[in-house]
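Below is one structure, written out as structure tokens; the observations come after it.
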Amino acid sequence: METEDVTVREQLFHNRVRETIICVLLFVCLYILSHFILTHFKKNAEFVADDIEDATVNKIALWLCTFTLSVAVCAVLLLPISILSNEVLLTFPHSYYMQWLNGSLIRGLWNLVFLFSNLSLVFLMPFAYFFTESEGFAGSKKGIMARVYETAVMLLLLSLLVLGIVWVASALLHHNTARESLYDLWEYYLPYLYSGISLFGVLLLLLCTPFGLSRMFSITGSLLVKPRLLENLEETMNCTVFEEASLSRKLKSNTSCWISANTESINAEFLSVQSKRIALELRKRASPWQRNLGYPVAMLLLLALTAVSALMVCFHVLELLFDESAMPRGMEDPHLGLASFSMFGSLGAAVQVVIILYLMVSSVVGFYCSPLFTGLLPRAQDTTLTQIIGNCVSLLILSSALPVFSRTLGITRFDLLGDFGRYNWLGSFHIVFLYNMLFAGLTSACLINTVTWALQRELIRAFGLHRLPLTVAISFLIYNWQLKPFTF
């Protein structure tokens with residue numbers, strides 16, 4: 001009996017060590033990837049300053065940002081890893097090489113992501129911001145430790161302020177519970193704070209994702225070579241070259257003789273024509289497959305992904321009305337390898353993973369394209385440390401809310417693990433139903449608006465109406481689209 005107990009303890013110990021090693025290796029890989037990403041965008045002048053103290057402080061803050069970004073990437077991968085792990089165990093149920101892939105590992109990964117995401121939002125990122133802005137208390141000895149003391153005091157005051165706001169909010173909503181649990185910080189107030197942060201992230205995804213889905217078409221179109229209907233590429237290229245040469249001669253004559261008032265306008269026009277010529281050269285060098293097939297295939301793929309996402313949400317709305325199991329909820333044991341989380345099997349699970357990643361990319365695109373957050377858009381080798389901190393916080397809020405967002409919309413039936421499923425508002429049918437309706441309505445409206453305007457724009461460009469005055473173009477459109485079908 002004692003020998004069996006020792007064997008069980010050894011097995012539990014080896015399982016825990018194996019899970020720890022796998023989580024550490026995954027996090028190290030994500031940390032290295034995040035380091036390369038931030039190194040590409042950071043402003044190098046802030047890290048090679050003449051003041052060694054400022055450079056050291058900035059490096060410490062960058063390490064914290066790298067940690068936060070790696071946690072954000074891991075949060076994005078939570079649902080894809082969980083869904084694919086279940087399908088792998090279904091495909092190879094008795095494989096010796098897949099024994100490490102189990103429910104305990106997935107549950108531990110979810111708990112670690114939840115812990116580190118809240119640690120980064122509540123402590124690490126505020127510490128990094130206050131640390132870069134601090135200079136030490138007046139009259140104290142200058143140095144890094146003086147900045148650490150000032151940052152610690154600022155964090156303490158901020159924590160007291162946030163906890164006070166949370167206590168007031170909980171007292172207004174749950175009066176008796178707040179009064180009885182005034183000193184129970186861990187059981188009531190921290191989960192309440194986490195629930196509020198997750199609700200903010202899910203609402204941010206609700207606003208950014210439909211807008212990002214519509215912007216994905218224009219951004220993808222700008223990266224690919226568009227086919228032009230009824231356009232002679234050689235003729236357009238020759239006209240652009242002649243126009244550029246004419247503007248170049250005019251600009252040189254104005255510069256050599258005297259500085260005229262039209263020099264700046266001519267220079268701006270010259271740069272515009274030059275960029276147009278470069279774009280035409282790229283289109284000319286592109287193969288016929290790229291020029292005529294790449295753009296339509298990409299647009300159809302985006303349209304299919306967006307349509308499938310909207311249909312899945314609409315189907316989930318009907319499920320909410322007739323099936324209680326469609327409500328998002330938490331679970332302790334994932335029970336991997338028993339049944340697929342999609343009615344279409346492995347193919348449906350792969351589609352779920354693609355849709356989840358596509359929605360995440362669309363939400364990031366919508367976030368940076370929105371007028372409120374355009375200033376946070378990172379630029380290569382020209383992003384300040386304050387902007388990097390803001391970007392890391394924003395991406396972590398979006399990514400940590402992605403599992404709740406995907407389960408609430410019914411993109412997957414994989415229930416939320418650990419503390420992700422303990423949010424207070426997840427059990428409200430009215431909130432979940434209204435959220436699904438708003439997402440379906442906003443996505444459909446953005447999709448219809450994008451497709452109709454893109455079609456009108458391409459037709460106008462195909463007929464050459466963009467070169468005509470507005471009144472002439474409108475008259476031409478009225479004649480061709482309204483009068484012409486009635487003439488025989």
Side-chain angles (χ1 to χ4, degrees), residues 30-31 33-48 58-59 61-77 117 120-121 124-126 128-129 132-133 197 200-224 226 268 271-272 275 278-279 298 302 305-306 356-402 405 442-443 446-447 449-450 453-454:
L30 295 179
Y31 188 90
L33 176 64
S34 303
H35 174 73
F36 283 121
I37 293 174
L38 293 184
T39 303
H40 175 72
F41 287 105
K42 71 176 183 179
K43 195 172 184 177
N44 294 323
E46 294 185 348
F47 300 90
V48 292
N58 291 339
K59 289 180 181 178
L62 185 66
W63 294 340
L64 297 178
C65 292
T66 307
F67 177 85
T68 303
L69 184 59
S70 60
V71 173
V73 176
C74 192
V76 172
L77 298 176
S117 61
S120 300
L121 286 175
L124 295 183
M125 287 295 95
Y129 177 75
T132 55
E133 298 295 329
I197 294 175
F200 174 75
V202 170
L203 291 177
L204 191 61
L205 284 173
L206 175 63
L207 297 176
C208 294
T209 306
F211 182 58
L213 290 173
S214 62
R215 291 290 298 169
M216 286 287 288
F217 291 89
S218 59
I219 292 176
T220 306
S222 64
L223 298 176
L224 299 176
K226 295 183 180 180
L271 294 177
S272 176
S275 62
I278 294 174
L302 291 178
L305 290 175
T306 307
I356 290 171
L357 297 178
Y358 175 64
L359 291 179
M360 184 61 201
V361 174
S362 301
S363 65
V364 173
V365 170
F367 177 81
Y368 285 116
C369 291
S370 60
L372 293 177
F373 306 106
T374 306
L376 283 177
L377 184 65
R379 296 178 297 274
Q381 306 298 324
D382 193 29
T383 307
T384 62
L385 189 57
T386 304
Q387 288 179 319
I388 290 177
I389 294 174
N391 279 280
C392 290
V393 171
S394 304
L395 292 177
L396 182 58
I397 291 175
L398 292 174
S399 60
S400 60
L402 181 65
F405 173 76
L442 291 174
T443 303
C446 291
L447 183 62
N449 184 47
T450 301
W453 277 104

Where [X] and [Y] come nearest, the two heavy atoms and their spacing:
X      : Y      : value
Ser34  : Thr66  : CB-O, 3.7 Å
Cys74  : Leu30  : CB-CD1, 3.6 Å
Cys65  : Ile389 : SG-CG1, 3.5 Å
Pro371 : Thr374 : CA-OG1, 3.6 Å
Pro126 : Ser120 : CD-O, 3.9 Å

Query raised in the report: Given Lys42 and Leu385, is the side chain to side chain contact (heavy atoms under 4.5 Å, CB included) satisfied, shown in steps?
Result: CA-CA 7 Å; Lys42 71 176 183 179; Leu385 189 57; over 6 Å; no
Nearest-0.5 Å distance, [atom1] of residue [X] to [atom2] of residue [Y]:
X      : Y      : atom1 : atom2 : value
Cys208 : Leu442 : SG    : CG    : 11.5 Å
Leu62  : Thr39  : CG    : OG1   : 6.5 Å
Leu69  : Leu33  : CG    : CG    : 7.5 Å
Trp63  : Leu38  : CH2   : CG    : 14.0 Å
Asn58  : Thr384 : CG    : OG1   : 10.0 Å
Ser363 : Leu206 : OG    : CG    : 11.5 Å

So do the side chains of [X] and [Y] get within less than 4.5 Å of each other, counting heavy atoms only?
X      : Y      : value
Tyr358 : Leu213 : yes
Ile397 : Phe367 : no
Ser214 : Phe211 : yes
Thr443 : Thr306 : yes
Cys369 : Ile219 : yes
Ile388 : Phe41  : no
Thr383 : Lys43  : no
Phe67  : Tyr31  : yes

Report task. Could you walk me through whether Gln387 and Arg379 pass side chain to side chain contact (heavy atoms under 4.5 Å, CB included), step by step? Result -> CA-CA 10 Å; Gln387 288 179 319; Arg379 296 178 297 274; 4.1 Å; yes
Query raised in the report: Does the side chain to side chain contact (heavy atoms under 4.5 Å, CB included) test come out yes or no for Leu204 and Leu398, once each step is laid out?
Result: CA-CA 7 Å; Leu204 191 61; Leu398 292 174; 3.6 Å; yes
Requested in this report: Would you check if the side chain of Thr132 reaches a backbone N or O of Tyr129 as a donor-acceptor pair within less than 3.5 Å?
Outcome: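 Side chain of Thr132 to backbone of Tyr129, a donor-acceptor pair under 3.5 Å: yes, one is there.
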